[in-house]
Amino acid sequence: MRGASPGSLTDRMPVPFHLAAALDAGLKQAAATAGFDVDRFVPEVRVAAPQHGDFQANGVLAYSKQTKQNPRAAAQALVAALPADLTALAEVEIAGPGFLNFTLRPATLETWLANFGSTATLAAAAAELLAGQTWVVDYSSPNTAKQMHVGHLRSAVIGEAVARIAAFAGARVIRDNHIGDWGTSFGKIIWAYKQALAADRAALEAALAETPLEEFERLYKVGNTTADADPAVLEASRAELVKLQAGAPENTAIWRRIGEVSVAAFQKIYDLLGIRFDHTLGESFYNDKVAAVYTELVACGVAEESQGALVVFHDENPRYSRHAERPNPFIIRKADGAANYASTDLATILYRAEHFRADTALYVVDKRQGDHFEQLFLTAQKWFARTGRPLLRLEHLGFGTVLGEDGRPLKTRSGENIKLKDLLAEAVERARRLVDEKSGELSEAERAAIAEIVGIGSVQYADLSQNRSSDYTFAWDKMISLEGNTAAYLLYAVARIHSIFRKLGATPGDPASEAGASPLESPTELALARKLVQFADAQAQCTGSLRPHVLCLYLYELAGAFSAFYTVEKVAVEDPAIRARRLRLCAHTLLLLETGLGLLGLRTLIRM
RNA sequence: GCAGCUGUAGCUCAAUUGGAUAGAGCGUCUGACUACGGAUCAGAAGGUUUGGGGUUCGACUCCCUACAGCUGCACCA
């Protein structure tokens with residue numbers, strides 16, 4: 001390691017996308033040079049609070065503790081051994097008991113911005129994180145014959161964001177909608193359908209033509225309540241179910257129609273939320289695949305019979321052990337021989353492993369189903385181990401309940417579940433009122449388009465900007481509102497940057513408008529540049545933890561840094577060198593905001 | 001009953017998974033440029049992180065305990 005002194009940075013010096021990873025590597029190298037026990041030294045590089053520079057490394061403290069050294073002396077030895085390519089990137093200082101603070105050199109900022117300033121270069125760099133991996137994301141997953149309600153919102157929004165984040169990080173992502181399209185309820189619907197058909201065929205067909213999903217949902221309720229009250233109806237429903245399972249043409253046709261109608265209605269909501277599934281493989285798809293699973297699980301000694309059902313105990317876990325006070329086995333086949341949720345989920349794991357060759361399967365499902373997934377994954381682990389299959393990574397991304405402002409699960413005044421369709425429509429309506437107030441001069445069509453993007457985006461962003469695992473309180477006013485960490489604030493920043501380019505007759509990202517840029521100088525310019533560079537860390541952290549709120553927070557801070565810059569420094573100045581460098585900052589901010597919002601599933605605007 | 005999750009400013013939430021003086025927004029108060037878009041920006045006040053104990057250089061974070069809330073516990077998904 002020799003050559004370049006810290007000041008002699010040139011354009012040819014490599015500045016990597018993930019600077020924290022580069023610092024980490026440099027520190028490990030220094031540790032080896034300085035004679036550290038490298039197996040015990042973890043640099044722990046992270047983004048620092050602004051007063052401590054751009055990055056900090058805390059690992060020296062933990063290392064010194066383990067090896068009983070003076071942390072400051074260890075830090076000094078480490079700093080002395082730092083490779084030149086690291087010290088070329090950042091200035092290093094030792095602070096406090098042994099923290100290492102790194103401040104990126106202005107030239108590092110400039111080069112990073114130049115290296116990753118286009119959609120293509122940014123995407124290529126970001127895609128190294130998960131390159132070569134295949135991820136299945138299982139989300140949304142509503143039941144057919146029922147309208148989606150507010151309880152389906154979070155899975156759809158979070159799942160789509162996670163899928164986009166994974167794809168941006170380079171994974172091959174398979175979006176799978178595991179719809180609930182099989183089970184006892186279909187016997188009841190078919191029974192009620194046939195009753196309605198016999199009573200008044202024309203009325204039924206008219207209703208199904210008008211609002212098909214609502215009509216099937218109504219029939220389901222009729223079948224359900226009638227069967228509850230009348231054992232003979234329950235028996236008749238069961239008979240319809242048996243006929244369906246046996247493949248009787250009429251029942252199969254009705255069932256198929258329910259599925260088509262439901263998926264078509266779901267797609268209208270997915271369109272609003274920017275969702276498009278690669279596969280919609282519901283429970284019925286796995287119906288003929290569960291028998292083989294039972295056989296295997298019994299053969300390899302994972303499953304056993306208990307009280308007539310086929311179950312799996314996990315004795316190593318006190319909660320799922322057969323010796324528990326109240327045993328809670330994983331039931332994979334009911335005593336009546338029918339499959340359940342667990343059966344199809346197991347078959348699904350096998351299909352994803354073998355057919356999709358997935359390395360990872362994520363389940364974006366309400367956290368109340370945590371026990372189910374824990375048992376499912378434990379079972380899959382043993383099953384795959386004993387049959388010699390490589391186990392894929394299985395993860396339940398649980399999320400909390402959507403609460404009303406009274407702290408209770410969100411419902412309508414009359415206590416019904418709020419239809420997702422209605423909720424999204426109301427969001428657009430509320431946004432529309434705001435748009436009319438703020439931008440009354442725009443055309444009707446334009447205002448309608450803006451209202452949709454702001455309204456839907458606000459719902460998505462409000463959900464994503466909060467840690468997914470906690471319950472979240474749904475408050476219209478805070479969500480659509482103008483200020484704070486909201487979609488409107490971010491969309492406004494985007495629209496304002498577009499406006500600057502419009503005014504100057506320039507195009508974002510056009511090299512011509514950035515040619516001859518002078519080096520960044522003012523505090524707000526540098527602060528904005530530092531925030532831009534942090535994108536890579538936000539992306540890495542968000543991808544690693546699968547928590548979209550990390551990205552939301554970053555984008556909010558970036559928009560804030562831009563607004564501060566915008567207030568202090570004029571872009572449209574006479575001096576061409578200053579104007580060029582500021583335009584470049586604007587273009588870069590725009591690129592990252594639009595990319596980031598896109599990862600969250602939001603559409604952006606050029607005017608609002 | 002057993003188990004899991006949660007408890008942070010008046011309110012809604014963060015805190016890079018054990019790091020430096022616990023940060024934002026809303027609300028409250030004080031300011032800013034007839035504007036490259038004010039859906040903006042700068043600032044102030046607001047905290048015994050539910051209470052109590054412990055672990056260590058360092059705890060919102062880990063352990064114990066008490067309290068409060070939510071959730072799950074044999075054939076629904």
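Chain naming here is simple, since letters A, B, ... match the order of the sequence lines and numbering starts at 1 in each. Note: hydrogens, waters and symmetry copies are ignored here, and every other heavy atom, side chains too, is used. Just so it is clear, the model here is predicted, and its values are computed rather than measured.
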Enclosure of A/E441 CD (heavy-atom neighbours >12, cutoff 6.0 Å): yes
The residue, A/E325 or A/N485, whose nearest nucleotide of RNA chain B is more 5′ is A/E325
Can you name the ring-ring contact (aromatic ring centres under 6.0 Å, His included) partners of A/F285, sequence neighbours left out? A/Y351
Indicate whether any N or O donor in one side chain lies under 3.5 Å from an N or O acceptor in the other, for A/D345 and A/Y286. no
Please measure how far the P atom in B/G58 lies from the corresponding atom in B/U28, and state the result in whole Å. 43 Å
Surrounding CD of A/E91 (heavy atoms of other residues, nucleotides or ligands, distance under 6.0 Å), is the total greater than 12? no
So what is the 5' to 3' dot-bracket string for RNA chain B, if pairs are Watson-Crick or G-U wobble with both distances under 3.5 Å, crossing pairs use [ ] and | means the partner sits on another strand? (((((((..((((.....[...)))).(((((.......))))).....(((((..]....))))))))))))....
N-glycosidic conformation, B/U17 - syn within 90 degrees of 0, else anti: syn
In terms of relative ring orientation, are A/F330 and A/H372 parallel, tilted or perpendicular, with 30° and 60° separating the classes? tilted
Answer yes or no: are there more than 12 heavy-atom neighbours, outside A/E574 itself, under 6.0 Å from its atom CD? no
Say we look at B/A24 and B/A14: how far apart would their C1' atoms be, to the nearest angstrom? 7 Å
State which residues pass salt bridge (charged side-chain N to carboxylate O under 4.0 Å, His left out) with A/R530; sequence neighbours excluded, sorted by chain then number. A/D54
With sequence neighbours left out, the residues meeting ring-ring contact (aromatic ring centres under 6.0 Å, His included) with A/F377 are A/Y363, A/F373
Name the closest nucleotide to the A/Y489 side chain, picking from B/G37, B/C41, B/A39. B/C41
What pairs of nitrogen or oxygen atoms, one from the protein and one from nucleotides 74-77 of chain B, lie under 3.5 Å apart?
residue: B/A74; atom: OP2; partner: A/R326; partner atom: NH2; Å: 3.4
residue: B/A74; atom: N6; partner: A/S306; partner atom: OG; Å: 3.1
residue: B/A74; atom: N6; partner: A/Q307; partner atom: NE2; Å: 3.3
residue: B/A74; atom: N1; partner: A/S306; partner atom: OG; Å: 3.0
residue: B/C75; atom: O2; partner: A/A335; partner atom: N; Å: 2.7
residue: B/C75; atom: N4; partner: A/Q307; partner atom: O; Å: 2.9
residue: B/C76; atom: OP2; partner: A/K334; partner atom: NZ; Å: 3.4
residue: B/A77; atom: OP2; partner: A/Y341; partner atom: N; Å: 3.4
residue: B/A77; atom: O3'; partner: A/E283; partner atom: OE1; Å: 3.2
residue: B/A77; atom: O3'; partner: A/E283; partner atom: OE2; Å: 2.2

Pull out every protein N or O sitting under 3.5 Å from an N or O of nucleotides 3-8 of chain B, one pair per line with the distance.
residue: B/A3; atom: O2'; partner: A/R319; partner atom: NE; Å: 2.8

With centres under 5.5 Å and planes under 30°, do A/F99 and B/A20 count as stacked? yes
Could you list, one pair per line, each protein nitrogen or oxygen that sits under 3.5 Å from a nitrogen or oxygen of nucleotides 15-18 of chain B, together with the distance?
residue: B/A15; atom: OP1; partner: A/H549; partner atom: NE2; Å: 3.1
residue: B/U16; atom: O4'; partner: A/Q541; partner atom: NE2; Å: 3.3
residue: B/U16; atom: N3; partner: A/V47; partner atom: O; Å: 3.0
residue: B/U17; atom: OP1; partner: A/R46; partner atom: NH1; Å: 3.0
residue: B/U17; atom: OP1; partner: A/R46; partner atom: NH2; Å: 3.4
residue: B/U17; atom: OP2; partner: A/R46; partner atom: NH2; Å: 3.1
residue: B/U17; atom: O4; partner: A/R547; partner atom: NH1; Å: 3.2
residue: B/U17; atom: O4; partner: A/R547; partner atom: NH2; Å: 3.2

Should A/Y566 be counted as stacked on B/C36, where stacking needs a ring-centre gap under 5.5 Å and an angle between planes under 30 degrees? yes
Test ring-ring contact (aromatic ring centres under 6.0 Å, His included) applied to A/F17 - qualifying residues, sequence neighbours left out: A/W112, A/F116
Salt bridge (charged side-chain N to carboxylate O under 4.0 Å, His left out) partners of A/R319, counting only residues at least two apart: A/D371, A/E374
Side chains of A/H498 and A/E594: do they bring a donor and an acceptor to under 3.5 Å? yes
Quick one: side-chain contact (heavy atoms from CB on, under 4.5 Å) partners of A/P318, sequence neighbours excluded? none
Distance, C1' atom - from B/C64 to B/A59, rounded to whole angstrom: 15 Å
Can you tabulate the close N/O pairs, meaning under 3.5 Å, that link protein atoms to atoms of nucleotides 43-46 of chain B?
none

Taken to the nearest 0.5 Å, the spacing of A/D181 CG from A/S284 OG works out to 3.5 Å
Pairwise P distance, B/C57 and B/C73 [rounded to whole Å]: 44 Å
For A/Y472, check ring-ring contact (aromatic ring centres under 6.0 Å, His included) against everything at least two apart and list the hits. none
Gap in Å between the two C1' atoms, one belonging to B/U55 and one to B/C62, rounded: 8 Å
P-based separation of B/C5 from B/G18 [nearest Å]: 15 Å
For A/R468 and for A/I500, find the nucleotide of RNA chain B with the closest heavy atom, then tell me which residue's nucleotide is more 5'. A/R468
Name the nucleic acid region contacted by A/D471, choosing base, sugar-phosphate or nothing; use a 4.0 angstrom heavy-atom cut-off, strictly under. sugar-phosphate
